[in-house]
Visitor: 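Sharing a structure here in structure tokens format.
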Amino acid sequence: MAAHIPMTVRTRFAPSPTGFLHIGGARTALYCWLEARRRGGEFILRIEDTDRERSTDAAVQAILDAMQWLDLAADEGPFYQTKRQERYQQVAEELVAAGKAYYAYESKQEIEAMREAAMAAGEKPRYNGYYRDRNEPRREDPNRVIRFRNPIEGSVVFEDKVKGRIEIANSELDDLVIFRSDGWPTYNFAVVVDDIDMGITEVIRGDDHVNNTPRQINIYRALGAAVPEFAHLPMILDKEGKKLSKRTNSVSVMEYRADGFLPHAILNYLVRLGWSHGDQELFSRQEMISLFDIADVNKAASRFDTEKLAWVNQHYLKTDDPQSLAAEFEWHLRRAGIDPSTGPAPADVIVALRERVHTLKEMAEKAMIWYAPIAEWDDKAVAKHLKNSTAPAVLDAAKTLLAECSWKPEPIHQVIEQVATKLELGMGKVAQPLRVAMTGTQVSPSIEHTIYLVGRGEALQRIDAAIALAQGLS
RNA sequence: GCUCCCUUCGUCUAGUGGCCUAGGACACUGCCCUCUCAAGGCGGGAACACGAGUUCGAGUCUCGUAGGGAGCACCA
């Protein structure tokens with residue numbers, strides 16, 4: 001028996017640069033990447049920019065940036081379809097020469113009339129095959145296109161890795177245009193040529209392409225190429241079960257970044273949307289790679305749940321090394337108008353706040369208390385919060401002890417306890433006035449961490465200011 | 001209209017004929033812990049779209065119905 005030489009698995013992500021990388025595209029890219037990684041294959045990135053009307057360089061860059069931020073590196077590419085124009089033309093002409101495609105010269109209006117006639121007759125809008133058997137030679141004509149001579153008999157059957165067996169009769173398919181009158185290939189043709197040339201073995205894409213697959217398979221066969229495996233991913237819907245729309249949802253991956261989500265949290269959330277491994281919710285990169293299998297992906301569409309994403313995000317905020325989160329957090333601080341160098345170390349702030357927020361954006365907002373100048377506080381609100389007969393005594397006692405204690409959370413905690421014991425007050429009566437003095441608000445992390453992060457010099461000043469406000473009350 | 005696809009708690013899902021009086025997670029909620037807010041711990045309510053059939057036995061197989069989605073371009 002001949003030794004079986006395993007073909008290397010090659011997957012590809014092929015977005016068209018007409019907008020940002022959206023959440024559905026990110027999941028497709030993730031699944032392609034995971035499938036390639038797990039099976040020791042290659043992941044290729046291809047930019048499908050043959051629609052020159054709608055493609056933009058800015059969109060290309062946005063997609064590349066998002067892929068990088070998510071850390072989904074391609075092994076090859078990005079390849080651009082616009083750079084392969086001659087190749088498509090060459091293959092299309094070869095198909096004509098082999099009698100597997102033909103020139104057609106209808107105008108767009110004629111095609112339109114044809115579609116309407118078919119609709120009126122209760123049939124699918126389709127090409128009537130006028131030039132199919134006319135064998136017209138190539139001639140200069142603004143309406144010249146090349147159409148694929150689709151088989152008439154039989155049906156196309158393929159085993160989709162997520163949808164299962166799918167069969168469509170050839171009688172449902174018409175002779176699609178593969179090469180346009182403007183000199184560019186159409187989508188269905190370009191993908192096939194590219195996937196063959198790039199040696200793609202697994203086509204993983206959105207299930208809006210299921211209906212295109214039989215047409216493409218016929219082209220593979222006409223070209224004498226091996227047909228790859230297909231896996232069509234169900235859609236991602238919004239909370240209401242509607243199609244994700246820019247108007248009502250965050251759809252761009254980079255919007256999620258701006259909203260304070262971590263790249264790995266997004267990946268973890270996405271890998272679980274439509275796929276699972278028993279009861280496991282959290283996956284490291286390595287676990288995702290070793291456990292993921294495209295064949296285990298669910299068939300049905302799923303809804304995007306920001307609250308669960310937020311839970312996953314907080315999980316990683318709590319468990320990741322604060323130091324490794326610092327750079328992304330600083331990005332958010334700057335976005336919030338804060339200069340990180342004017343306050344405590346970002347990693348320390350992360351530790352103080354990570355159990356209290358779900359996103360880095362929220363964290364940056366809450367971190368304001370350690371960076372914003374005290375002058376910006378609302379004095380009236382602060383004074384009101386200090387309206388407590390024991391507040392001045394607490395502040396005074398704390399100030400004395402804080403001036404001398406060792407500046408670490410633990411000793412500061414002991415100071416609080418000493419004040420409570422000395423004044424015979426509960427922890428609440430001691431912590432709250434200090435909290436107000438430190439932050440101008442009634443909510444903050446544990447009091448010792450709050451004070452610690454303010455810093456000794458600033459803390460003493462804030463206590464003085466608070467005492468002044470409290471006295472102003474009486 | 002035609003073709004294809006989908007259907008388990010509110011949501012993401014486990015489930016591949018008996019282990020299911022259907023499991024986990026998010027969300028919601030009760031109690032505990034507590035210096036605020038959280039986090040955490042222990043509980044709770046909550047689902048097999050519907051109808052036939054196959055079978056000793058169906059969430060799991062078959063058919064039908066209903067509902068939802070996608071595609072039907074010289075757009076990808």
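It should be emphasised that the depicted structure is a prediction, and the values quoted were computed from it without experimental measurement. Hydrogens, waters and symmetry mates play no part in the numbers below; they use all other heavy atoms, side chains included. Proteins get letters first, then strands, A, B, ... in listed order; numbering begins at 1 in each.
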Visitor: Are A:Tyr127 and A:Glu106 close enough that a side-chain donor and a side-chain acceptor fall under 3.5 Å?
Guide: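 Side-chain D/A pair, A:Tyr127 to A:Glu106: present.
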
Visitor: Classify the side chain of A:Arg126 and the base of B:C72 as holding, or not holding, a donor-acceptor pair under 3.5 Å.
Guide: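 By the distance-only test, no, there is no pair.
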
Visitor: Looking at every strand, decide which applies to A:Ser446 at a 4.0 Å heavy-atom threshold: base, sugar-phosphate, or nothing.
Guide: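 Base contact.
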
Visitor: Between B:G40 and B:A58, how far is it from one P atom to the other, in whole Å?
Guide: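 After rounding to an integer number of Å, I get 42 Å for this pair.
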
Visitor: If you only use heavy atoms from C-beta on, which nucleotide in B:U36, B:C26, B:G23 is closest to the side chain of A:Asp279?
Guide: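 Taking heavy atoms from C-beta onward, the closest nucleotide is B:G23.
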
Visitor: Categorize A:Pro214 for me: base, sugar-phosphate, or nothing, with a 4.0 angstrom heavy-atom threshold over every strand shown.
Guide: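 Result for A:Pro214 = nothing.
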
Visitor: Within the 4.0 Å heavy-atom criterion, would you say A:Glu362 contacts the bases, only the backbone, or no part of the nucleic acid?
Guide: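 If one applies the 4.0 Å heavy-atom cut-off, A:Glu362 turns out to touch nothing in the nucleic acid.
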
Visitor: Should B:C48 form a Watson-Crick or G-U wobble pair with both distances under 3.5 Å, which nucleotide is its partner?
Guide: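 B:C48 is paired with nothing.
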
Visitor: Using the salt bridge (charged side-chain N to carboxylate O under 4.0 Å, His left out) criterion, which residues pair with A:Glu112? Sequence neighbours excluded.
Guide: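 Salt bridge (charged side-chain N to carboxylate O under 4.0 Å, His left out) list for A:Glu112, sorted by chain: A:Arg115.
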
Visitor: Rounded to the Å, how far apart are A:His413 NE2 and B:U34 C1'?
Guide: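 One finds 12 Å between C1' of B:U34 and NE2 of A:His413, rounded.
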
Visitor: Just call it for A:Asp174: base, sugar-phosphate, or nothing, with non-hydrogen atoms closer than 4.0 Å on any strand.
Guide: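 Contact class for A:Asp174: none.
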
Visitor: Which nucleotide, if any, forms a Watson-Crick or G-U wobble pair with B:A22, using both distances under 3.5 Å?
Guide: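 Check on B:A22: unpaired, no WC or wobble geometry under 3.5 Å.
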
Visitor: Between A:Tyr316 (OH) and B:A25 (C1'), how many Å, whole number?
Guide: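 It works out to 13 Å between those atoms.
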
Visitor: Salt bridge check, A:Arg354 against A:Asp320: does any charged N sit closer than 4.0 Å to a carboxylate O?
Guide: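 A:Arg354 and A:Asp320: not salt-bridged.
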
Visitor: Can you tell which of B:C37, B:C35, B:U13 lies closest to the side chain of A:Arg356?
Guide: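 It is B:C37.
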
Visitor: Let's see if you get this right: which residues in residues 227-236 of chain A place a heavy atom under 4.0 Å from RNA chain B?
Guide: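 A:Met235, in order of number.
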
Visitor: The side chain of A:Lys243 is closest to which nucleotide in this list: B:A70, B:A14, B:C35?
Guide: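 The closest nucleotide is B:A70.
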
Visitor: Tell whether A:Gln442 reaches the base of B:C37 with its side chain through a donor-acceptor pair below 3.5 angstrom.
Guide: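 Result: no qualifying N/O pair found.
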
Visitor: Does B:G71 have a Watson-Crick or wobble mate here (both distances under 3.5 Å), and if so which one?
Guide: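 For B:G71, the partner nucleotide comes out as B:C2, under the 3.5 Å rule.
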
Visitor: Figure out the CG/C1' separation between A:Asp238 and B:G68, and round it to whole Å.
Guide: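 A:Asp238 atom CG is separated from B:G68 atom C1' by 14 Å.
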
Visitor: Could you state the CG-P distance from A:Leu270 to B:C12, rounded to the nearest angstrom?
Guide: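 Going from CG in A:Leu270 over to P in B:C12 covers 14 Å.
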
Visitor: For the side chain of A:Asp208 and the base of B:G71, is some donor closer than 3.5 Å to an acceptor across the two?
Guide: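 Donor-acceptor pair under 3.5 Å: no.
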
Visitor: When rounded to the nearest Å, what value does the distance between C1' atoms of B:A14 and B:U54 take?
Guide: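 Looking at atom C1' only, B:A14 and B:U54 are 26 Å apart.
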
Visitor: Starting at CZ of A:Arg354 and ending at P of B:A39, how long is that distance when rounded to a whole Å?
Guide: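 My rounded result for the distance is 14 Å.
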
Visitor: Expressed in angstrom and rounded to an integer, what is the separation of A:His315 atom NE2 from B:A27 atom P?
Guide: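 It is 14 Å, rounded to the nearest whole Å.
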
Visitor: Which heavy-atom pair separates A:Ala169 from A:Ser155 by the least distance, and what is that distance?
Guide: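 Here A:Ala169 and A:Ser155 meet closest at CA-CB, 3.6 Å.
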
Visitor: Is it true that A:Asp197 and A:Arg84 make a salt bridge, defined as a side-chain N closer than 4.0 Å to a carboxylate O?
Guide: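 Between A:Arg84 and A:Asp197 there is a salt bridge, with a charged N closer than 4.0 Å to a carboxylate O.
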
Visitor: Tell me if the CD atom of A:Glu153 is crowded by more than 12 foreign heavy atoms within 6.0 Å.
Guide: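 No, not enclosed.
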
Visitor: When all nucleic acid strands are considered with a 4.0 Å heavy-atom cut-off, which category describes A:Gln314: base, sugar-phosphate, or nothing?
Guide: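 Sugar-phosphate contact only.
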
Visitor: Any chance you could list the contact pattern along nucleotides 3-11 of chain B? Use B for base contacts, S for sugar-phosphate-only contacts and - for none, protein heavy atoms under 4.0 Å, 5' to 3'.
Guide: BSSSS---S

Visitor: Taking atom C1' in both B:C4 and B:C12, compute the distance separating them and give it to the nearest angstrom.
Guide: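 That atom pair is separated by 26 Å.
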
Visitor: Test for a donor-acceptor pair under 3.5 Å between the base of B:G24 and the side chain of A:Glu281, counting only N and O atoms.
Guide: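 Indeed there is one.
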
Visitor: Taking pairing as Watson-Crick or G-U wobble with both contacts under 3.5 Å, can you name the mate of B:C31, or confirm there isn't one?
Guide: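 Paired with B:C31, as far as the under-3.5 Å criterion goes, is B:G41.
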
Visitor: Okay, side chain of A:Gln442, backbone of A:Val436: is any donor-acceptor separation there less than 3.5 Å?
Guide: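 Pair absent, no side-chain N/O of A:Gln442 close to backbone of A:Val436.
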
Visitor: Is the centre of the A:Phe189 ring less than 6.0 Å from the centre of the A:Phe179 ring?
Guide: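 Not under 6.0 Å, so no.
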
Visitor: Quick one: salt bridge (Lys or Arg N to Asp or Glu O under 4.0 Å) pairs with a partner in residues 203-217 of chain A, sequence neighbours left out?
Guide: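 As it turns out, the salt bridge (Lys or Arg N to Asp or Glu O under 4.0 Å) pairs with a partner in residues 203-217 of chain A, which skip direct neighbours, are A:Lys163-A:Asp207, A:Asp174-A:Arg215.
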
Visitor: With the side chain of A:Asp51 defined as its heavy atoms from C-beta on, choose the nearest nucleotide among B:C75, B:G1, B:A25.
Guide: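 Closest nucleotide to the A:Asp51 side chain: B:C75.
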
Visitor: Base, sugar-phosphate, or nothing for A:Ile447, non-hydrogen atoms under 4.0 angstrom?
Guide: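 A:Ile447: base contact, heavy atoms under 4.0 Å.
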
Visitor: From the options B:C75, B:C26, B:A70, select the nucleotide whose nearest atom is closest to the side chain of A:Arg54.
Guide: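 Closest nucleotide to the A:Arg54 side chain: B:C75.
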
Visitor: Go through B:C37, B:A39, B:C74 for me and flag the one nearest to the A:Lys318 side chain.
Guide: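 Given the options B:C37, B:A39, B:C74, the side chain of A:Lys318 is closest to B:A39.
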
Visitor: Under 4.0 Å between a side-chain N or O of A:Arg147 and OP1 or OP2 of B:C74?
Guide: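 Yes, such a contact exists.
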
Visitor: Rounded to whole angstroms, how far apart are CE on A:Met363 and P on B:A39?
Guide: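 The answer, rounded to whole Å, is 13 Å.
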
Visitor: Select base, sugar-phosphate, or nothing to describe what A:Val145 touches, counting heavy atoms under 4.0 Å on all strands.
Guide: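 Base, at least one base heavy atom under 4.0 Å.
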
Visitor: Can you list, pair by pair, the side-chain donor-acceptor contacts under 3.5 Å of residues 417-429 of chain A, counting residues two or more places apart and other chains?
Guide:
{"from": "A:Glu417", "atom 1": "OE2", "to": "A:His413", "atom 2": "NE2", "distance (Å)": "3.4"}
{"from": "A:Thr421", "atom 1": "OG1", "to": "A:Glu417", "atom 2": "O", "distance (Å)": "2.8"}

Visitor: Could you identify the nucleotide paired to B:U7, looking across every strand shown and requiring Watson-Crick or G-U wobble geometry with both distances under 3.5 Å?
Guide: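 Per the H-bond distance test, B:A66.
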
Visitor: Can you confirm whether A:Asp57 is buried at CG, in the sense that more than 12 heavy atoms of other residues, nucleotides or ligands lie under 6.0 Å from that atom?
Guide: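 For A:Asp57, atom CG is not crowded (no more than 12 foreign heavy atoms under 6.0 Å).
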
Visitor: Tell me what A:Ser181 touches on the nucleic acid: a base, only sugar-phosphate, or nothing, going by heavy atoms under 4.0 Å.
Guide: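 Touches a base.
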
Visitor: Check the surroundings of atom CZ in A:Phe158: do more than 12 heavy atoms from other residues, nucleotides or ligands lie under 6.0 Å from it?
Guide: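 Result for CZ/A:Phe158: enclosed.
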
Visitor: With heavy atoms under 4.0 Å as the rule, sort A:Gly274 into base, sugar-phosphate or nothing.
Guide: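 Here A:Gly274 touches the backbone only, sparing every base.
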
Visitor: Which base sits across from B:U54 as a Watson-Crick or G-U pair, both distances under 3.5 Å?
Guide: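 Paired with B:U54, as far as the under-3.5 Å criterion goes, is no nucleotide at all.
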
Visitor: Just how far, in rounded Å, is C1' of B:C74 from CZ of A:Phe148?
Guide: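 Distance check: A:Phe148 CZ to B:C74 C1' gives 17 Å.
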
Visitor: Tell me the ring pair (Phe, Tyr, Trp, His ring centres under 6.0 Å) pairs involving residues 261-282 of chain A, sequence neighbours left out?
Guide: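 Passing the test, one end in residues 261-282 of chain A: A:Tyr256-A:Phe261, A:His264-A:Tyr316, A:Tyr269-A:Phe304, A:Trp275-A:Phe283, A:Trp275-A:Phe292.
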
